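Quick notes on the structure that follows.
One is the number of the first residue; the rest follow in order along the sequence. Fair warning: this is a prediction, and the values are worked out from it, not measured in the lab.
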Amino acid sequence: MTRTGDNRQIEVSISGMSCAACAARIEAALSKIAGVSGASVNFATKRAHIEFAGAAPDHAAVTRAIESLGYGVLGAQSPAMDGDHDAVHCELHDAEEAHRTAEIARLHRLVIVSAILSLPVAAIAMSHGHVSWLNGDWTRWAQFFLATPVVLWCGRAFIAGAWAGIRRGAADMNTLIGVGTLTAWGYSVVATVAPLRVAASVRDAHLYFEAASVIVTLVLVGRLLEARATGRTGEAIRRLMDLRPHKARVVREGVETEIDAADVRLGDTLVVRPGERFSVDGEVTQGRTSVDESMLTGESMPVEKDVGSSVIGGTINTSGSVRYIATRIGAETALQRIIELVRAAQGGKAPIARYADAVSRVFTPVVIGVAIVTLGMWLWLGPAGESVRLGILAFVSVLIIACPCALGLATPTAIMVGTGRGAELGVLFKGGEALETAHKIDTVVLDKTGTITLGQATVVGVHAAQGVDEVEMLRLAAGVEAGSEHPTGKAIVRAARERGLAIPEAHGFESLAGRGVRARVDGREVSVGRLGDAALPTDLEQAVACAPAGSTLVQMRVDDQAWGVFLLEDALREESAAAIERMKALGLRVVMLTGDRESTARDIAKRVGIDEVRAQVLPQDKAARVEELRADGRVVAMVGDGINDAPALATADVGIAMGTGTDVAIAASDVTLVRPDLTLVAGAIALSKATMRTIRQNLFWAFFYNVLGIPIAAGLLYPWTGWMLSPIIASAAMSASSVCVVLNSLRLRAYKTS
């Protein structure tokens with residue numbers, strides 16, 4: 001899996017895009033700006049992500065590049081604003097929401113006006129001379145006066161967009177609609193003003209005012225429905241942003257004051273009462289309560305919090321009043337990091353999207369070419385007296401029915417809804433690539449400690465060598481482990497504190513990857529870690545031999561002499577066995593890799609239903625084993641939570657980090673589980689499969705619709721049936737296809753992991 005290196009990003013919100021061809025054109029322009037190493041424009045989110053490795057590109061240059069193509073810039077976020085990163089994203093979000101609301105209101109007004117004016121035109125045209133009072137020369141001029149405002153005012157955005165594209169030598173959705181409606185309207189104007197120039201008699205000079213006006217109306221209706229539906233695809237981000245409290249109650253110099261949440265500082269003491277949200281991440285210092293974390297973790301039951309418990313900003317305090325100290329603020333809070341991960345995932349492109357983009361780049365020019373050829377064929381081969389009428393009809397129908405909106409929306413809308421739904425369920429995909437790759441996974445590699453087990457080891461036995469004081473042994477070991485984040489180290493430190501021991505200071509602390517830790521304590525070289533190859537005294541050998549199968553053994557050496565062995569036990573997660581059973585039900589091969597001893601690993605594996613186990617594996621060996629599986633043609637997911645899992649997480653096709661793990665593990669992963677629940681692994685893979693299935697459905701119908709629709713619009717059925725596709729039906733079908741793609745993607749909002 002490719003991961004972001006040293007590149008940084010500018011995020012720009014863009015207005016005025018009408019299809020995937022617009023996004024491709026903006027991407028090409030942004031990629032040419034000096035200093036830009038890559039650019040990606042998402043048609044569904046209407047945002048550009050611009051990567052650069054050195055100095056940030058000039059904002060004015062970025063704006064000029066976009067506006068020169070006829071599009072607008074609503075706002076941007078750059079590294080220069082990192083100090084107020086959260087506020088900038090709020091401004092971007094607010095600007096986008098305001099623009100979307102205004103755009104929906106504008107489209108609503110245009111739909112009403114165009115519908116009111118188009119209905120009489122359609123009624124006149126559809127009477128076909130059978131209604132006497134609608135059968136007169138005045139009706140030709142009535143259609144002209146009614147249809148002209150619809151085409152030139154209500155549809156002015158299509159015409160302006162088409163003209164701008166023609167001037168730049170480019171083509172997009174606006175080109176197809178603009179050229180199609182102007183052709184139908186222009187021909188009808190000539191047939192009204194000078195009918196004998198296009199037909200042998202006035203009666204034979206057919207008008208297409210109803211086609212031009214109804215096309216504009218139906219396309220506007222489609223855009224209105226599309227804007228409303230597409231807006232719903234981003235609801236996950238909006239709901240997450242709505243969780244952020246605007247105010248905080250802070251205690252400074254003994255005085256409780258209400259301030260803006262953005263003004264909270266690290267180390268501040270805050271007060272939160274029942275029913276209120278925690279303003280930032282922190283640690284409870286006073287009181288006891290239950291916290292509803294469901295909106296962030298997906299966990300339905302309230303979580304009990306006591307002194308020393310961690311709390312997450314945005315979650316709801318359901319019972320007692322507590323005080324807590326701020327440990328993370330601003331962009332570092334869990335909520336903001338989740339928002340950023342979801343935003344990045346929704347803004348990025350899955351590899352499958354690039355196929356659709358490649359098609360979109362050539363699709364519109366090809367369609368225009370097909371429409372021109374169709375017109376020429378009808379003028380050349382069409383029936384006498386009908387060739388011009390049928391040629392115009394086929395030309396307009398081909399242009400209108402082939403609009404590439406559905407193709408452009410097929411992938412990004414599904415990615416947006418899929419990643420948003422994942423966030424609501426507690427699964428954070430870092431990007432579209434991770435979401436796409438996850439559906440191919442056939443092998444899941446699991447770390448043991450903190451993944452299958454709780455990662456909260458407890459010292460259940462201390463076996464000191466002959467002549468070694470057990471208390472002194474525990475004291476020195478705790479001194480070394482005080483600098484360690486490993487569950488084993490925390491367990492030893494916790495055991496020392498429970499006995500009331502004063503933990504000495506360590507010097508020269510060193511972590512030995514996969515082997516343990518060492519440091520100088522009280523002038524002695526102390527190491528604590530896994531059992532090695534060095535021989536142990538007989539009494540310690542007996543203690544090791546008699547240790548329960550599921551326990552973990554850690555030896556301690558002082559000045560290279562064996563001092564003793566610690567016996568630890570780590571409880572299984574309640575859901576581990578069921579989660580692994582579900583993985584197997586999905587057809588996944590499950591492998592456990594652990595640095596623990598063979599007997600412990602086998603016992604744990606047996607209890608949770610894992611058949612394939614590798615024990616006493618060093619971190620680099622975990623990565624090597626993952627690479628071996630990939631070399632065998634397996635698509636591998638690595639699940640872990642510790643620093644020692646980071647190499648394997650980065651090596652796997654998809655790295656999945658438990659949300660309670662270290663920042664290093666989370667940074668190295670492609671998917672983060674917000675809550676430490678192993679069942680979410682299978683849920684993430686199943687969600688990926690559902691999302692990719694939706695994308696394929698969208699792409700199939702987008703392609704199938706055009707493959708079927710264009711030949712019919714060109715008149716394929718006319719020689720046998722005498723039937724030509726009406727441009728009105730073509731415009732309705734085109735609008736319906738885009739709306740159907742978005743609605744199909746929205747079905748993912750109801751997805752459940754089990």
Side-chain angles (χ1 to χ4, degrees), residues 16-26 28 43 69-71 151 155-188 208 211-212 215-216 218-219 222-223 356-382 387-409 702-716 718 724-735 737-738:
M17 289 194 290
S18 61
C19 65
C22 299
R25 194 153 52 245
I26 296 171
F43 171 52
L69 299 177
Y71 308 102
V151 174
R156 66 188 183 279
F158 307 135
I159 298 170
W163 174 241
I166 291 170
R167 282 189 301 146
R168 296 189 300 270
D172 55 24
M173 175 184 173
N174 288 323
T175 308
L176 300 179
I177 296 174
V179 172
T181 53
L182 279 178
T183 299
W185 177 81
Y187 177 86
S188 300
Y208 298 104
I215 284 171
V216 170
L218 290 176
V219 173
R223 283 201 170 180
D357 288 350
V359 172
S360 296
R361 289 187 181 95
V362 299
F363 184 80
T364 304
V366 168
V367 168
I368 292 174
V370 170
I372 292 172
V373 170
T374 298
L375 175 60
M377 293 295 289
W378 277 104
L379 294 177
W380 179 33
L381 301 174
S387 59
V388 174
R389 181 181 73 85
L390 295 176
I392 293 292
L393 200 66
F395 177 77
V396 173
S397 294
V398 168
L399 289 178
I400 298 302
I401 202 168
C403 278
C405 262
L407 189 60
L409 290 168
F703 280 114
F704 178 77
Y705 157 82
N706 282 296
V707 169
L708 183 66
I710 291 176
I712 293 176
L716 180 66
Y718 184 82
M724 291 288 290
L725 182 69
S726 165
I728 293 175
I729 297 176
S731 62
M734 181 272 294
S735 297
S737 68
S738 298

Beyond-backbone contact of Ile215 with Val151, side-chain heavy atoms, under 4.5 angstrom: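 They are not in contact (no side-chain heavy atoms under 4.5 Å apart), so the answer is no.
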Minimum side-chain heavy-atom gap Phe395-Thr183 below 4.5 Å: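 Counting from C-beta outward, Phe395 and Thr183 do come under 4.5 Å.
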Distance, nearest 0.5 Å, that separates CD1 of Ile729 from CD1 of Ile400: 13.5 Å
Between CH2 on residue Trp163 and CG on residue Leu182, distance to nearest 0.5 Å: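 The CG atom of Leu182 is 11.5 Å from CH2 of Trp163, to the nearest 0.5 Å.
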Least distance between heavy atoms, Met724 atom then Ala394 atom: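 Looks like CE-CB, 3.7 Å.
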Ala162 to Gly178 - nearest heavy-atom pair and separation: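 Scanning both residues completely, I find the closest heavy atoms to be CB-CA, 4.2 Å.
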Solution key, residues 365-378 side-chain donor-acceptor pairs under 3.5 Å, sequence neighbours excluded:
residue: Thr374; atom: OG1; partner: Val370; partner atom: O; Å: 2.7
residue: Trp378; atom: NE1; partner: Ala714; partner atom: O; Å: 2.8

Among Val398, Ile392, Val396, the one residue meeting side chain to side chain contact (heavy atoms under 4.5 Å, CB included) with Pro727: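 That would be Val396; it is the only one of Val398, Ile392, Val396 passing the side chain to side chain contact (heavy atoms under 4.5 Å, CB included) with Pro727.
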Given Ile710, Thr364, Val179, the one that forms side chain to side chain contact (heavy atoms under 4.5 Å, CB included) with Leu399: Val179
Results of side-chain contact (heavy atoms from CB on, under 4.5 Å) for Leu69 - residues two or more places apart only: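 Result, side-chain contact (heavy atoms from CB on, under 4.5 Å) vs Leu69: Arg25, Ile26, Ala29, Tyr71, Arg168.
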Partner set under side-chain contact (heavy atoms from CB on, under 4.5 Å) for Ile712, not counting sequence neighbours: Leu708, Leu717, Trp723, Leu725
